[in-house]
2 protein chains.
Amino acid sequence: MTPAARRVLEAAARLFYERGIHAVGVDLIAAEARVTKKTLYDRFGSKEQIVVEYLADRDDRWRAFLAQCLDAAQPVSAARVLAVFDASRAWSAKNSSKGCSMVNAHAEISDPSHPAYPIITGQKEWMLALFTDLAGDIAPGRAAQLGRTLMLLHEGALVAHGLHVFPDPISHAREQVQTLLATTGGAAAKR
Amino acid sequence: MTPAARRVLEAAARLFYERGIHAVGVDLIAAEARVTKKTLYDRFGSKEQIVVEYLADRDDRWRAFLAQCLDAAQPVSAARVLAVFDASRAWSAKNSSKGCSMVNAHAEISDPSHPAYPIITGQKEWMLALFTDLAGDIAPGRAAQLGRTLMLLHEGALVAHGLHVFPDPISHAREQVQTLLATTGGAAAKR
DNA sequence: AGCTCACTATACAGATCGGTATACTCCTGA
DNA sequence: TCAGGAGTATACCGATCTGTATAGTGAGCT
């Protein structure tokens, strides 16, 4: 990716996230990236493609960040679940003051045949699979159920964070998960 | 409100919710409502005003629906909490297959000085106050904490419902709340 | 020196945006 | 019977939208 293309993607990511996808035009993206529209279209071909790469890149970076956080966490399953919430809190503090970009993008992209659609649903499926996987180490018989509960608390915390419903909802969710795992898991299994 | 104005609001509500606010133009709204743009602007003055009335009307109808469900519920506090989730499930099945309209609108409205902003945040504050109030009847010493947890589960369920992460997440949240209240509340206080 | 390629600047096309103006019809009620 | 408000149809405004075309600049590489 050329330097100009990277600037375009960075500007688009910031603008799309802060103002919404449909509210941002390519002229503004080009201006903020200090790039002409010609260059923008030479690199990406369409606004839709910029949207797709914006979401895909954000998904990639989130997964990489989370993987790094999980690697640094203790190998105890309960600790790893909590590490996900810690990662979300750190990520949201820096990159997501308006909530989950996938959820926000989904509000603007109605057509399931839109090329960005599978990126959005894919991340949510992946997160549910991750939670279910971690839950399987804690309560093997109820992995699906516990995984879904973790998913709901996590998504709810992201939404509450974005709408500033109350202070630091991700930490609140983390605490709830902690007590939930304490009453549920009994002995948290080693991984 | 004149018949034409009502048709405009109904069409705008459907289009805004399904396609997003910025993706829908006033020409389309007028066409779908079988109304000329002249009439549309005579009644509402601006697209922004239609957005405001769309959200305010939806908020009103949700609160009325929820109040009706709570009136029909048993006067036991735990049952009333569960009745909120039952109400959300019924409401979402009919009106909210794409998730919470307030959350979705928030994704597109970044400016806190936008006239629709207080409607969005107001509903969330109101829901948190409702959950906290109900929680106060169950665990008076931990009303704020329990109320926030209920809020997170509820918001998470709405998001998961809208993104179809797994089937019927609102029922799942309801079940989790049920077990949470059983372990927490002990004897659910009468109202 | 000469070539390639990323990039810039400017202008424009066709469509659509929110918003307005004019002139008309229809229905109700006094 | 007639006035007036609600609504209609159509045409238009300036601005902005996505996307394209042409011509030129500048740095690195061989």
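The figures that follow rest on heavy atoms only: side chains count, while hydrogens, waters and symmetry mates do not. Proteins get letters first, then strands, A, B, ... in listed order; numbering begins at 1 in each.
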For B/Arg7, is there an ion pair with B/Glu32 - N to carboxylate O distance below 4.0 angstrom?
no
Between A/Glu155 and A/Lys124, is there a salt bridge with N-O shorter than 4.0 Å?
yes
With no hydrogens and no angle check, is any side-chain donor or acceptor of B/Tyr54 less than 3.5 Å from a backbone partner on B/Phe16?
no
For A/Gln176 and B/Thr149, run side-chain hydrogen bond (donor to acceptor under 3.5 Å, both in side chains): C-alpha distance rounded to whole Å, both residues' side-chain angles, the deciding distance at 0.1 Å, then the answer.
CA-CA 7 Å; A/Gln176 293 309 304; B/Thr149 301; 3.3 Å; yes
Atom-to-atom span, [atom1] of [X] to [atom2] of [N] - whole angstrom:
X: B/His22; N: D/dT18; atom1: NE2; atom2: P; result: 12 Å
X: A/Glu48; N: D/dT18; atom1: CD; atom2: P; result: 12 Å
X: A/Leu28; N: D/dC17; atom1: CG; atom2: P; result: 8 Å
X: B/Ile29; N: C/dG18; atom1: CD1; atom2: C1'; result: 11 Å
X: A/Gln49; N: D/dG19; atom1: CD; atom2: C1'; result: 15 Å
X: B/Ile21; N: C/dC17; atom1: CD1; atom2: P; result: 15 Å
X: A/Leu15; N: D/dC17; atom1: CG; atom2: P; result: 12 Å
X: A/Leu40; N: D/dT20; atom1: CG; atom2: C1'; result: 13 Å

Under 4.0 Å, counting only non-hydrogen atoms across every strand here, what does [X] touch: a base, just sugar-phosphate, or nothing?
X: B/Thr36; value: base
X: B/Val8; value: nothing
X: A/Asp42; value: nothing

May I ask you to verify whether the side chain of B/Lys37 and the base of C/dG19 hold a donor-acceptor pair under 3.5 Å?
yes
Below the 4.0 Å mark, does [N] have OP1 or OP2 next to a side-chain nitrogen or oxygen of [X]?
X: B/Arg6; N: D/dG7; answer: no
X: A/Tyr41; N: D/dT20; answer: no
X: A/Thr2; N: C/dC7; answer: yes

Begin from the C-alpha positions of B/Ser101 and B/Arg58 and carry the test side-chain hydrogen bond (donor to acceptor under 3.5 Å, both in side chains) through to its verdict.
CA-CA 8 Å; B/Ser101 58; B/Arg58 197 162 168 119; 2.9 Å; yes
Go through [options] for me and flag the one nearest to the [X] side chain.
X: A/Ala4; options: C/dC7, D/dT8, C/dC12; answer: C/dC7
X: A/Arg43; options: C/dT20, C/dA6, D/dT8; answer: C/dA6
X: A/Asp27; options: C/dC7, D/dC17, C/dC17; answer: D/dC17
X: A/Lys38; options: D/dT8, D/dT22, C/dG19; answer: D/dT22
X: A/Thr39; options: C/dG19, D/dT8, C/dT8; answer: C/dT8

Could you check if a side-chain atom of B/Leu180 sits within less than 4.5 angstrom of a side-chain atom of B/Leu146, using non-hydrogen atoms only?
yes
Starting from the 5' end of DNA chain D, give me the residue, A/Gly25 or B/Ala33, whose nearest nucleotide shows up first.
B/Ala33
